[in-house]
Amino acid sequence: MGIYDFHKKIDRLNTASVKWGMNRVVFGTEEVLPMWVADMDFEPPLEVTEALKNRIDHGIYGYTYVPDSVSQTIQAWVKKRHDWEIDHSAILYSPGVVPSIGMAIQALTNHGDKVMLQSPVYTPFFNMIEKNERIVVNSPLKWKNNRYEIDFADFEEKLKEGVKLFLLCNPHNPSGRAWNRDELTRIAELCIQYNCYILSDEIHSDLMFKPNRHLPIASLDERYKEQIITCIAPSKTFNLAGLQASAAIIPNKEIRSLFKDVQNKLGFFSLNTFGIIAMEAAYKYGDVWLEELLVYLQKNVATATSFIENELPNLTVMQPDGTYLLWIDCRKLSLSDEELKERLIKKGKLGLEPGPKYGHGGEGFVRMNIACTHDTLVEGLKRLKTAFT
């Protein structure tokens with residue numbers, strides 16, 4: 001029996017929760033069970049809540065800077081969790097990883113430059129490239145043996161086209177695939193060869209299931225860190241997305257200066273007071289909570305996998321290396337994506353993420369968020385069965 005109660009059901013209605021309060025906007029009805037957007041239904045570590053309460057009790061919320069202790073805490077966290085030695089001076093701050101992607105695009109590329117991604121992938125990758133008037137270059141992942149692989153022949157051909165920046169998602173969203181040392185090394189070597197910067201979105205990096213472990217791409221060779229921006233945040237790990245605090249680890253001084261110039265142009269100077277406090281407390285005290293969370297999530301993955309194998313044999317779950325996202329292959333049902341969506345919402349009353357949202361290769365898939373109580377998960381699985389029976 002652990003210290004933390006992840007079975008505890010918390011009513012999130014009337015809290016301006018995107019996940020629980022926008023059913024009608026997203027799905028057209030209030031009746032669906034939302035298991036889509038990537039936040040958790042769990043309370044964060046008690047130390048985070050206590051730190052926030054103490055700051056509220058102080059009673060004054062004026063302009064705030066990020067103290068050095070936060071950078072030192074992040075430095076200690078990535079060393080302990082990922083065996084990565086970083087200098088705390090390499091850390092810059094941002095309200096979130098998506099804003100950091102936009103800042104990196106502006107800092108390292110010009111209008112009309114090519115920026116590469118690998119679909120299916122997190123939707124804001126596409127959005128940030130397009131909204132910043134850059135050209136999306138896609139090197140699609142290959143689906144093989146119920147798992148994604150990188151098409152390195154295509155990857156290199158695309159780099160030859162003059163790609164200036166590559167957006168890496170590791171662990172991969174939506175599938176939970178963690179790229180291994182050989183894959184990451186090959187990515188980095190090719191990007192060095194073709195003079196392409198890398199932004200590595202590692203927001204899910206702490207959510208790895210044993211025996212898997214996360215490898216920060218910038219940690220694998222001294223040469224790599226010179227052209228990589230690594231983005232992390234406590235938001236996914238500790239369920240703090242609403243506090244809007246993230247870190248960009250940029251060892252290269254020139255790239256760091258370019259990134260800071262963009263931040264200055266945008267008028268960004270510091271994080272939200274409460275985001276700063278929560279970030280430091282989470283990374284300083286959250287280890288035990290996280291280890292218990294991972295055990296709970298892994299049991300949820302096993303429950304969902306077993307249920308789908310036994311009750312819905314035409315569906316297949318890709319086994320994630322980490323994250324709390326299940327990528328479910330529905331193509332054997334021979335339904336269009338619109339038909340999948342309609343069945344889920346109208347018949348199953350279940351709100352999942354449609355695969356096409358993640359670009360080419362997402363057709364026929366859905367993404368399910370299993371970071372919820374076991375009871376909620378079982379109810380969601382029953383609804384999934386209702387939708388497709």
Side-chain angles (χ1 to χ4, degrees), residues 1-10 38-52 69-70 72-86 97 170-173 175-181 201-216 219 230-243 245-247 249 275 277-306 317 319-326 368-378:
M1 187 73 177
I3 299 171
Y4 295 95
D5 182 11
F6 295 103
H7 288 295
K8 179 181 177 182
K9 187 167 184 177
I10 301 169
D39 75 1
M40 298 190 280
D41 291 335
F42 307 129
E43 293 174 323
L46 180 62
E47 292 87 351
V48 173
T49 303
E50 289 299 318
L52 291 170
S69 59
V70 179
Q72 291 161 4
T73 300
I74 292 172
Q75 181 185 32
W77 178 264
V78 298
K79 171 59 179 174
K80 182 177 182 179
R81 300 296 303 191
H82 309 304
D83 195 27
W84 185 19
E85 296 269 8
I86 63 170
V97 169
N170 183 36
H172 179 249
N173 178 4
S175 75
R177 169 76 153 86
W179 307 113
N180 63 40
R181 181 178 296 272
D201 174 358
E202 301 186 11
I203 196 169
H204 292 278
S205 59
D206 297 319
L207 298 168
M208 296 292 290
F209 302 136
K210 293 178 180 177
N212 304 307
R213 62 180 292 253
H214 173 70
L215 296 173
S219 72
T230 303
C231 295
I232 64 170
S235 51
K236 303 301 182 192
T237 308
F238 300 104
N239 206 26
L240 303 174
L243 295 177
S246 78
I249 302 169
I277 290 166
M279 174 184 275
E280 182 169 13
Y283 283 139
K284 195 168 186 178
Y285 303 111
D287 249 333
V288 173
W289 182 93
L290 177 57
E291 289 303 321
E292 291 189 15
L293 169 73
L294 290 170
V295 171
Y296 195 88
L297 291 178
Q298 200 157 11
K299 288 179 180 177
N300 274 2
V301 171
T303 296
T305 301
S306 177
V317 176
Q319 287 303 294
D321 299 319
T323 81
Y324 47 78
L325 307 171
L326 287 190
M368 173 183 271
N369 176 354
I370 53 88
C372 55
T373 67
H374 187 265
D375 289 345
T376 299
L377 174 62
V378 170

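By convention here, the first residue in the shown sequence is residue 1.
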Give me each pair satisfying side chain to side chain donor-acceptor pair (under 3.5 Å) with a member in residues 294-303, each pair once, sequence neighbours excluded.
H7-Y296, T303-H374

Should V48 and L240 count as side-chain neighbours, where that means a heavy-atom distance under 4.5 Å?
yes

Output all residues satisfying salt bridge (Lys or Arg N to Asp or Glu O under 4.0 Å) with K8, sequence neighbours left out; order by chain, then residue number.
E43

Is the shortest heavy-atom distance from the side chain of W84 to the side chain of K79 under 4.5 Å?
no

Would you mind reporting whether V295 and E291 have side-chain heavy atoms less than 4.5 Å apart?
no

Taking the side chain as everything from C-beta on, heavy atoms only, tell me whether F42 gets closer than 4.5 Å to Y4.
no

Is there a side-chain contact between T323 and H172 in this structure, where contact means two heavy atoms from C-beta onward sitting under 4.5 Å apart?
no

Please table the atom pairs, donor to acceptor, closer than 3.5 Å between any side-chain atom in residues 203-210 and protein atoms at least two apart or in another chain.
from: S205; atom 1: OG; to: E202; atom 2: O; distance (Å): 2.8
from: D206; atom 1: OD1; to: W77; atom 2: NE1; distance (Å): 3.1
from: D206; atom 1: OD1; to: H82; atom 2: NE2; distance (Å): 2.9
from: D206; atom 1: OD2; to: W77; atom 2: NE1; distance (Å): 3.3
from: D206; atom 1: OD2; to: T237; atom 2: OG1; distance (Å): 3.0

Salt-bridge present (D287, K80; N to O < 4.0 Å):
yes

Can the ring centroids of W289 and F6 be said to lie less than 6.0 angstrom from one another?
yes

Could you tell me whether the side chain of I249 reaches within less than 4.5 Å of the side chain of I232, counting heavy atoms only?
yes

CG of D41 to CD1 of I370, rounded to nearest 0.5 Å, is 11.0 Å

How about Q319 and V317: do any of their side-chain heavy atoms sit closer than 4.5 Å?
yes

